[in-house]
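Let me begin by presenting the structure, written as structure tokens, before commenting on it.
Everything numeric in this text was worked out from a predicted model, so none of it was measured. Side chains are part of it too, since the values below use all heavy atoms of this structure and drop only hydrogens, waters and symmetry mates.
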Amino acid sequence: MDLHLHDLVELKKPHPCGAVRWEILRVGMDIKLRCQGCGHELMLPRSKAEKSIRKVWTKEEPT
């Protein structure tokens with residue numbers, strides 16, 4: 001999966017705050033995400049993150 005910094009992704013399950021969009025802050029073996037609703041940050045192994053991503057919005061696409 002082609003992921004870049006500051007792309008927005010939609011995960012399969014919503015965050016407890018109700019938001020479904022996350023911003024990518026770090027890409028590598030681990031992926032760091034920030035919730036667009038409450039600002040919570042988490043790091044996931046790349047394999048787990050790629051399985052849980054439903055949709056990717058790049059910086060160029062309108063949100």
Indicate if Val56 and Leu11 have the same hydrophobic cluster label, given that clusters are the connected sets of ILVMFWY residues with side-chain heavy-atom separations under 4.5 angstrom. yes
Under 4.5 Å between side-chain heavy atoms, counting indirect links through other Ile/Leu/Val/Met/Phe/Trp/Tyr residues: same cluster for Leu42 and Met1 or not? yes
Look at the side-chain heavy atoms of Ile, Leu, Val, Met, Phe, Trp and Tyr, link any pair under 4.5 Å apart, and say whether Met43 and Leu8 land in one connected group. no
Contact check, side chains of Ile53 and Trp22, non-hydrogen atoms, under 4.5 Å: no
Mind jotting down which residue pairs meet the salt bridge (charged side-chain N to carboxylate O under 4.0 Å, His left out) criterion with at least one end in residues 42-54? Sequence neighbours excluded, please. Glu10-Arg54, Arg46-Glu50
Rounded distance [0.5 Å steps], CG in Leu3 versus CD1 in Ile24: 4.5 Å
Same hydrophobic cluster for Trp57 and Val20, using side-chain heavy-atom links shorter than 4.5 Å among ILVMFWY? no
Please table the atom pairs, donor to acceptor, closer than 3.5 Å between any side-chain atom in residues 25-40 and protein atoms at least two apart or in another chain.
{"from": "Lys32", "atom 1": "NZ", "to": "Glu41", "atom 2": "OE1", "distance (Å)": "3.3"}
{"from": "Arg34", "atom 1": "NE", "to": "Glu41", "atom 2": "OE2", "distance (Å)": "3.1"}
{"from": "Arg34", "atom 1": "NH2", "to": "Glu41", "atom 2": "OE2", "distance (Å)": "3.1"}

